[in-house]
Structures are given as C-alpha cells and as structure tokens.
Amino acid sequence: MDVFTEEYAKQQDERDPLRRLREYFVIPSKADLARKTLTPRAANDGGEDAPSIYLCGNSLGLQPTLTRKYMQQYLDTWATKGVYGHFKEVEDSNLAPWLHVDDDVLVDMAKVVGALPSEVAVMQTLTANLHLMLASFYQPTKERYKVILEGKAFPSDHYAVESHIRHHGLDPADAMVLIEPESGASPILSTHYIRSVIDKHASNTALLLLPGIQFYTGQLFDMLTITDYAHTKGITVGWDLAHAAGNVPLQLHDWDVDFAVWCTYKYINCGPGSIGGAFVHERHGKVKERDGAGPGGEPKLEYRPRLSGWWGSSKSSRFAMTNRFHPTPGAAGFQLSNPSVADTTAVRASLDVFKQTSMAELRQKSIKLTKYLEKLLDRSAHELEKPSGQCFSIITPRNPDERGAQLSVLLKPGMLDSVMESLEEAGVVVDERRPDVIRVAPTPLYNTFQDVFLFAKHFQDACEKAVQSGGATSPSQSIMADGGKEDRGWSEIK
Ligand SMILES: Cc1ncc(COP(=O)(O)O)c(C=O)c1O
C-alpha cells in the first residue's frame with residue numbers, strides 16, 4: 001500500500017497493539033479548541049466535533065479519563081471525611097489515605113524512569129527539585145567547583161545553577177562551563193564533543209548537568225556513556241528529564257546516575273504545573289546509624305547533606321515532633337512538605353494508564369510514529385521545493401536512537417506566524433519555539449498514524465500558504481539581519 005495515503009495510516013492504526021490506550025484519554029475536539037467557552041452555548045454551537053490533531057505532548061500531555069474520576073473521589077473524600085482522609089482507607093475509592101499518597105505512586109513511577117522505588121520521590125516541581133539536588137550534590141571545593149551544562153539549557157536550569165554558584169560566593173563567569181554547539185551549522189551536541197568539553201575542565205569540575213532530551217532540538221543524549229565518562233573523571237552527574245520521562249525508556253539506577261529531576265505535565269500527563277519527580281541513586285540515599293555516638297547516647301546518623309523538611313523525616317518520627325531529623329532512606333528523605341493530594345491524585349490516574357503497557361512497548365510504537373512523521377515531512381519538503389523553495393528542515397537527529405517522540409522543524413525565517421495560524425485553524429496543535437522552530441511530538445499513548453498523516457497534510461498546506469502570502473524571507477536576508485552572528489542552523493539546509 002502507498003505509504004503516502006490516509007488508508008496506509010489507518011491500516012497502521014488497526015495493526016497497532018497499543019491502539020486501545022487512546023481510549024484512556026480525553027482528546028479535545030476541533031470545536032472544543034475553537035470555542036471560547038468550556039461548553040457549547042447552544043445545541044448547534046458544537047461545530048465540527050472531529051477530534052483535534054494533538055501533537056503537543058512534549059508541552060502538555062492530554063488528560064487521562066481516570067483523572068476526573070479520581071479527582072472526584074479525592075474531592076468526595078475531603079468533603080465527607082475531612083481530616084480522616086489522611087489516615088483512613090475509603091473502601092470505594094481508588095486512592096490511598098493521603099498520608100501515603102506519595103508512597104503509593106512510587107513503584108509505578110520508578111518503572112517509568114528505570115529506578116528502584118526507594119530511589120524516586122514525587123515532590124515539588126522540576127526547578128524546585130533541581131535546587132534541592134544542587135544543594136545536596138553541588139559542594140564546591142577550591143579544586144573542584146565548576147558546573148558543566150549546555151549553553152542553550154532550559155533557562156530555569158541555567159538560573160538554578162547560576163544561583164548556586166553565586167550562593168557559594170563563586171563567579172559564574174569562571175565556574176559555569178557552557179557547552180556551545182561546535183559550529184553554527186547544527187545545534188546537536190555529539191557525545192564525542194561533550195566528552196572533549198569534560199576533558200578540558202575535568203580537574204576542576206564538580207558537576208555535570210544535562211538534559212535527557214534537549215527541549216529545542218529533541219536530541220536524546222547518550223546518558224549511559226556520558227554518565228560513565230564523567231564518573232571516570234570524578235564528576236557528579238545530574239539529568240533534567242523534563243522531555244525524557246515517559247517518552248523514552250530510562251535506566252537511571254543501572255546507568256549509575258547520581259540524581260535526576262523531571263516534571264509530570266508533559267509525557268506523564270498529570271496536568272499543567274503538576275508535581276515533579278526526583279531520583280537519588282541508592283548509594284546517595286543511605287542513612288547510617290552509629291550506636292550511642294549522638295547527643296544523649298542516641299544513635300548518630302550519617303547521611304548526605306540536604307535541605308530538610310518534616311516530610312523527609314521517617315514516618316515513625318514524623319509526628320513525634322522531636323526536632324530530630326531522621327531522614328527516610330532513599331529519595332523520600334529529600335522531601336520537604338506534605339505533597340498536594342490533588343496533584344498526586346493526577347499522578348495516580350496517569351500511572352494507572354502507564355501500567356497497561358511498558359516503556360519498551362511505548363518506545364517501539366514511538367519510533368514507528370516518529371519515523372512515519374519524518375518520512376511524510378521529507379516528502380513535503382521535496383514537493384514544496386520546486387514551487388516554493390526550501391521551506392523547512394528537521395533539526396532533530398535523523399537516527400531514532402538519538403531522539404525521542406519529538407521532531408523539531410526549523411522553518412524558513414518569517415513563516416512561523418502564518419504556519420501556526422493555519423495549523424490552529426485546521427485544529428492541529430503543535431508548539432513553537434521562536435524565532436523559527438515548531439516542535440511536533442506524536443505521543444504513543446494516544447496519537448495515531450492518522451494523526452501524523454493529517455498533521456503532515458495540513459502542515460504542507462500551511463507552508464504553501466505562508467510562502468504565497470509572502471511571509472517567508474530568503475535565508476540570506478535572515479542571516480544578514482542577524483549581522484551574520486547567529487546562524488540558527490539555517491545554513492544546514494541552504
Ligand atoms: C527542560 C526543562 N527544564 C525545566 C523546566 C522547568 O520546569 P518547571 O516549571 O516545572 O520547574 C522545563 C519546563 O518546561 C523544561 O522543559
């Protein structure tokens with residue numbers, strides 16, 4: 001069958017062993033997206049109730065159907081049991097008593113990131129967790145004080161690292177090593193190149209922080225090789241997994257990662273701003289007791305330094321109000337506050353969907369979906385080339401082992417607004433990174449091959465329209481407008 005037909009896409013969907021998982025999600029209709037209200041104002045106000053083409057799980061994952069059900073149970077428990085909700089089982093609820101909601105999700109969250117349950121905590125938010133991890137893992141000395149991170153790191157990571165460096169009285173200009181792309185032609189950072197930067201600063205670097213998947217380019221880093229290499233140089237390694245968790249299989253424990261942080265609102269589908277995750281390797285979470293060595297003959301506790309709060313203290317001592325911090329062994333000992341039960345309820349609902357499959361199965365489908373997207377986009381680029389010139393290029397690595405679900409598409413300068421407007425009109429949701437990139441992420445839990453097919457069709461139309469309306473400038477004009485300083489990777493496709 002012709003790969004470039006909608007029939008082919010439908011056939012792939014019929015053969016997809018994970019197709020039933022889409023039913024666990026609320027897919028907004030095109031009319032839902034177009035309306036300015038939550039519900040139709042009149043019976044005939046429904047418009048086109050065809051499902052939208054939502055390829056934006058890299059930004060905000062769609063709502064699992066279980067979320068509403070579990071949220072209602074949480075609200076009903078609060079309404080009918082009040083404070084008892086903390087301690088008492090409710091027989092007709094899927095949720096654990098609130099005192100245990102965080103523990104209740106650990107086994108399933110650990111599977112998503114390849115960790116032991118005790119190495120994972122569901123707490124705070126990504127940036128807050130990064131601060132907590134830096135407070136514990138970044139202990140600069142005179143000899144080792146530098147932090148290596150990407151020059152184009154997500155700004156929050158940059159700010160967090162910068163603030164810790166200043167907090168220790170150091171100068172970011174000296175202590176922050178920013179990995180910039182080797183040339184203006186490609187934003188991709190090869191493992192070989194990262195190793196060379198590590199080599200250059202090895203003797204005085206304390207910590208390396210990188211993203212599992214780069215938010216802008218969609219590049220998947222070789223976490224095992226990079227972690228191993230940095231460890232041989234005595235460098236602590238942390239990963240920002242915002243775009244990797246729930247997207248690609250991870251083996252944080254086996255890879256011997258020191259710490260990692262992630263959010264749950266992208267590929268983990270827990271809702272905007274929902275609670276984050278943190279990984280602390282088993283070897284860093286130990287709490288040792290030395291008999292009789294502490295004040296008053298109590299056991300002396302030895303554990304990694306950290307910023308502490310009562311929720312990190314062991315459950316037996318948490319309510320004793322003794323002011324003696326006795327951390328729970330593992331990542332749980334890094335918690336600060338009692339977690340938001342509304343957030344954790346959303347995590348429970350989402351992980352109950354992940355439980356229906358495995359990260360390995362999701363990855364298998366994801367590779368196929370993204371390859372299909374790549375094939376269709378390559379054809380569009382080719383078809384557009386004659387009448388319109390080169391309209392876009394894919395800046396994400398072409399090797400499926402070096403990317404997750406997302407492809408980042410670099411548009412010819414001046415096209416972005418027009419393309420995004422056309423896609424919105426067609427009920428297609430992707431996101432943009434200015435000045436010229438759109439990120440397209442088919443998500444294996446709920447996206448179909450047909451979604452990908454329809455996206456590609458609308459995208460090609462949108463590009464044609466943008467060129468016809470004269471939005472696009474020529475590449476050379478754009479480079480001149482940057483004074484020749486910033487290439488943006490455009491030269492790659494010239
Ligand atoms: C790569 C990356 N790091 C950090 C963040 C910040 O996350 P938060 O706002 O949850 O702290 C984001 C948010 O999208 C992100 O994509």
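One is the number of the first residue; the rest follow in order along the sequence. Remember, it's 1-based here, ligands and their atoms both numbered in the order they're listed.
- Taking every heavy atom of Tyr265 and a limit of under 4.0 angstrom, the matching atoms of ligand 1 come to 7 (O), 8 (P), 9 (O), 10 (O), 13 (C), 14 (O).
- Between Thr125 and ligand 1, no N or O atom pair is found at a separation short of 3.5 Å.
- By heavy-atom distance, the residue among Ile213, Asn58, Thr127 lying nearest atom 6 (C) of ligand 1 is Thr127.
- Between Lys30 and Glu424, none of the side-chain N atoms (NZ, or NE/NH1/NH2) sits under 4.0 Å from a carboxylate O, so this pair counts as no salt bridge.
- Residues Gln214 and Glu150 have side chains that bring a donor and an acceptor to within less than 3.5 angstrom of each other.
- Those atoms of ligand 1 that come under 4.0 Å of a heavy atom in Lys266, given as number and element, are 14 (O), 16 (O).
- Residue-level proximity to ligand 1 for Asp157 is carried by the side chain, the only part with a heavy atom below 4.0 angstrom.
- Close contacts of ligand 1 with Leu126, meaning ligand atoms under 4.0 Å from a residue heavy atom, involve 4 (C), 7 (O), 8 (P), 10 (O), 11 (O).
- Heavy-atom contacts of Ala242 reach the following atoms of ligand 1: 1 (C), 2 (C), 15 (C), 16 (O) (cutoff under 4.0 Å).
- There is no side-chain donor-acceptor pair under 3.5 Å between Thr328 and Trp311.
- Each of the atoms 1 (C), 16 (O) of ligand 1 lies under 4.0 Å from some heavy atom of His243.
- Every atom of ligand 1 is numbered from 1 in the order shown, and the set under 4.0 Å from a heavy atom of Asp240 is 1 (C), 2 (C), 3 (N), 4 (C).
- Outside the 6.0 Å centre-distance limit, the rings of Tyr145 and Tyr138 are not counted as a close aromatic pair.
- Of the residues listed (Asp108, Asp103, Asp343, Asp102), the one engaging Arg348 in a salt bridge (Lys or Arg N to Asp or Glu O under 4.0 Å) is Asp108, and it is the only one.
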